[in-house]
Structure formats: C-alpha cells, structure tokens
Amino acid sequence: MFLSALLSVVGLGFLCWLLFSLAVYALPFFVAVTVGYYAFENGAGPISAIAVALVAGAVALILGQVAFATIRSPTIRLAIGALYALPAGLAGFHAVKGLSETGGAGEARTLIFASIGAIIVGATAWVRIASLAGSETQSGGVDSHHAGYAAREG
C-alpha cells in the first residue's frame with residue numbers, strides 16, 4: 001500500500017515536470033502535426049510527411065525565438081509570447097483537468113484547479129520562450145538605453 005502511494009506521487013511529479021518542461025513546445029508541435037498531416041494527405045509518404053513535420057516544427061520554434069530576441073517592440077513581443085503561451089496554457093488546462101478528474105475532485109474544484117494550472121503552465125511557457133531567446137543586453141554588457149550616454153561621455 002505504501003509503495004503504491006509512493007509510486008503514484010513519483011509518477012505525478014514526473015508528469016508535472018514533463019508538462020512544465022515541454023510547455024514551450026506546444027505551438028511548434030501543433031505546427032509540426034498540422035504540416036505533417038497536410039503533407040501526408042496531399043500525397044507525401046509517411047517518411048516524407050514526418051520529415052516535413054520535423055522541419056516545420058523546428059522552423060516554428062527557431063523563428064519564434066529569433067523574433068522574440070530581436071524585435072524590441074513591446075507590443076510585438078507580447079503577441080509572440082502569447083502565441084507560444086496560449087497553446088501551452090490550453091494544454092496545461094486539459095492536463096490538470098484530467099488529473100483532477102482522476103483524483104475524484106468535484107466539477108467546480110476541477111475547473112478551478114484546471115484554470116490555475118493553465119495560468120501556471122502558460123506563464124512557464126512565457127518565461128521559457130523569453131529565456132530561450134536570449135538576454136536583453138547584447139552590446140557587451142551596456143544596454144541600449146545607456147549606450148548613448150557612454151558614447152557622449154567618451
């Protein structure tokens with residue numbers, strides 16, 4: 001009995017770790033699956049469809065990271081971050097909802113837990129896409145706001 005409870009806690013912890021680790025890849029995964037199905041339905045073989053899907057997913061992830069790192073407009077960065085965080089939040093909502101229903105929580109509690117899980121997983125994806133994109137300062141330790149002052153003084 002103790003061993004089954006312990007293994008259940010370890011398994012749940014592993015699932016939560018996996019959910020948070022893979023949250024940032026929800027949008028590239030969606031793009032890869034969509035492009036892969038489209039390629040397969042239009043006559044590509046299974047190997048070709050998988051190859052096209054992998055390339056499309058990698059391109060979606062890399063383009064998002066590069067765009068988030070290079071674009072300085074807060075509005076566009078907000079849109080890019082939301083583009084990655086919303087699918088992750090949706091995945092988090094459904095994962096926590098499924099786990100809550102399995103645990104026997106009531107319907108109201110299940111929705112509350114799922115909503116909290118969606119917010120946490122979405123925020124985690126937001127932070128991860130920002131960290132994968134790189135740091136804000138790229139000019140040798142002097143950020144762009146203070147670079148003008150350093151040029152005028154020297």
- Query: Other hydrophobic cluster members with V55, side-chain heavy atoms of Ile/Leu/Val/Met/Phe/Trp/Tyr under 4.5 Å, chained?
  - Reply: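 Result for V55 is V59, L63.
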- Kindly give the cluster partners of L3, where membership spreads through any ILVMFWY side chain lying under 4.5 Å from a current member.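 For the cluster that includes L3, the remaining residues are L7.
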Any idea which heavy atoms bring [X] and [Y] closest together, and the distance?
| X | Y | value |
| --- | --- | --- |
| V121 | A88 | CG1-O, 3.2 Å |
| A82 | P87 | O-CD, 4.2 Å |
| A56 | V31 | O-CG1, 3.9 Å |
| Y84 | G64 | OH-CA, 3.3 Å |
| A85 | A125 | CA-CB, 4.2 Å |
| G117 | V96 | CA-CG2, 3.9 Å |

- Item | salt bridge (Lys or Arg N to Asp or Glu O under 4.0 Å): pairs with one or both residues in residues 85-100, sequence neighbours excluded |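 Qualifying pairs, neighbours excluded: K97-E101.
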[X]: partners by side-chain contact (heavy atoms from CB on, under 4.5 Å), with sequence neighbours left out:
| X | answer |
| --- | --- |
| L18 | F14, L22 |
| A51 | none |
| I112 | I116 |

According to a 4.5 Å side-chain heavy-atom criterion applied to Ile, Leu, Val, Met, Phe, Trp and Tyr, with indirect links allowed, do [X] and [Y] form part of one hydrophobic cluster?
| X | Y | result |
| --- | --- | --- |
| V35 | F40 | no |
| L54 | I62 | no |
| L83 | F68 | yes |

Approximate separation, where rounding is to 0.5 Å, of [X] [atom1] and [Y] [atom2]:
| X | Y | atom1 | atom2 | result |
| --- | --- | --- | --- | --- |
| I119 | T124 | CD1 | OG1 | 11.5 Å |
| T70 | I76 | OG1 | CD1 | 10.0 Å |
| L15 | L99 | CG | CG | 6.5 Å |
| T110 | E107 | OG1 | CD | 7.5 Å |

- Task: Show your reasoning for whether side chain to side chain contact (heavy atoms under 4.5 Å, CB included) applies to L86 and W126.
- Result: CA-CA 9 Å; L86 290 176; W126 182 286; over 6 Å; no
- Message: Go through it in stages, so that I can follow the logic: the residues are L111 and F93, the test is side chain to side chain contact (heavy atoms under 4.5 Å, CB included), and I'd like the CA-CA distance, side-chain angles, deciding distance and then a yes or no.
- Response: CA-CA 9 Å; L111 291 177; F93 177 87; 4.1 Å; yes
